[in-house]
Amino acid sequence: MKDTNQTLLTFLTEVKPTQQLWALQDTKSEDWVVLDSLNYEETEVMPLWSSAELAAVHCTEEWRDYQPAAITLADWLEFWIDDLVKDGVVIGINWIGEENDLEIDLPEFTQSLVDIEVL
């Protein structure tokens, strides 16, 4: 299993200078990738990456019509949290689709983003 603290710290350190998260968005429907969690039953995970390059690696096969899309930290905090909380979504950090990927709950992830300035 990945070291949770190190994975999250690396993600936050990479996000801090750009103030952007990266997710995959369908080029036609503008839907975002949200899929079944590998770690939690009956839970969905939204994978997020710290760079467009890390996200782009996953734009193949069933996600070939998706592209990396930036979400600013300001937009994340203002617009995204309420909907994701209502849906019970967890967040996948620099997710690669393996069982040991880090998936954390939204409140913990959001608090980490709020605390990013202390890094």
Self-check item: Full working for side chain to side chain contact (heavy atoms under 4.5 Å, CB included) between Phe11 and Leu102
Solution: CA-CA 11 Å; Phe11 178 87; Leu102 176 59; over 6 Å; no
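Val15 and Phe79 end up in the same hydrophobic cluster when Ile, Leu, Val, Met, Phe, Trp and Tyr side chains are linked at under 4.5 Å. If you chain together hydrophobic residues whose side chains sit under 4.5 Å apart, Trp49 and Val45 fall into the same group. No continuous path of ILVMFWY side-chain contacts below 4.5 Å connects Ile96 to Leu35, so the two sit in separate hydrophobic clusters.
Side-chain contact annotation: Glu108 with Ser112, donor-acceptor N/O pair under 3.5 Å absent. Donor-acceptor pairing under 3.5 Å is recorded for the side chains of Ser29 and Asp31.
Considering only residues two or more places apart in sequence or on other chains, Trp80 meets the ring pair (Phe, Tyr, Trp, His ring centres under 6.0 Å) condition with Trp32, Trp76. In this view, Asp87 satisfies the side-chain hydrogen bond (donor to acceptor under 3.5 Å, both in side chains) rule with no residue, not counting sequence neighbours. For Thr43, there are no side-chain hydrogen bond (donor to acceptor under 3.5 Å, both in side chains) partners two or more places apart in sequence or in a different chain. Residues passing the side-chain hydrogen bond (donor to acceptor under 3.5 Å, both in side chains) test with Ser50, sequence neighbours excluded: Glu14, Asn94. Residues satisfying the side-chain hydrogen bond (donor to acceptor under 3.5 Å, both in side chains) test with Gln111, not counting sequence neighbours, are Asp115.
Considering every non-hydrogen atom in both Glu30 and Gln25, the closest pair reads O-NE2, 3.0 Å. Met46 and Ile71 get closest at one heavy-atom pair: CE-CD1, 4.4 Å. The two residues Asp105 and Val90 have their closest heavy-atom pair at CA-CG1, 4.2 Å.
Counting heavy atoms from C-beta on, the side chains of Ile93 and Leu48 never come closer than 4.5 Å. Within the 4.5 Å cutoff, no side-chain heavy atoms of Val89 are placed close to those of Leu106.
A donor-acceptor pair is defined here as one N or O able to donate and one able to accept, closer than 3.5 Å; no such pair exists between the side chain of Gln19 and the backbone of Thr72. Using a distance-only test at 3.5 Å, with no hydrogens or angles considered, a donor-acceptor pair links the side chain of Asn39 to the main chain of Asp101.
Here CG of Leu8 is found 11.5 Å from CD1 of Ile91. Values are rounded to the nearest 0.5 Å. To the nearest 0.5 Å, atoms CG (Asp36) and CD (Glu44) are separated by 6.5 Å. The distance from atom NZ of Lys16 to atom CG of Leu113, rounded to the nearest 0.5 Å, is 13.0 Å.
Shown are Asp83, Leu84, Val85; of these, the side chain to side chain contact (heavy atoms under 4.5 Å, CB included) with Ile81 is made only by Val85.
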Exercise answer: donor-acceptor pairs, residues 54-68 side-chain atoms, under 3.5 Å, sequence neighbours excluded:
| residue | atom | partner | partner atom | Å |
| --- | --- | --- | --- | --- |
| His58 | NE2 | Trp95 | O | 3.2 |
| Arg64 | NH1 | Glu61 | O | 2.7 |

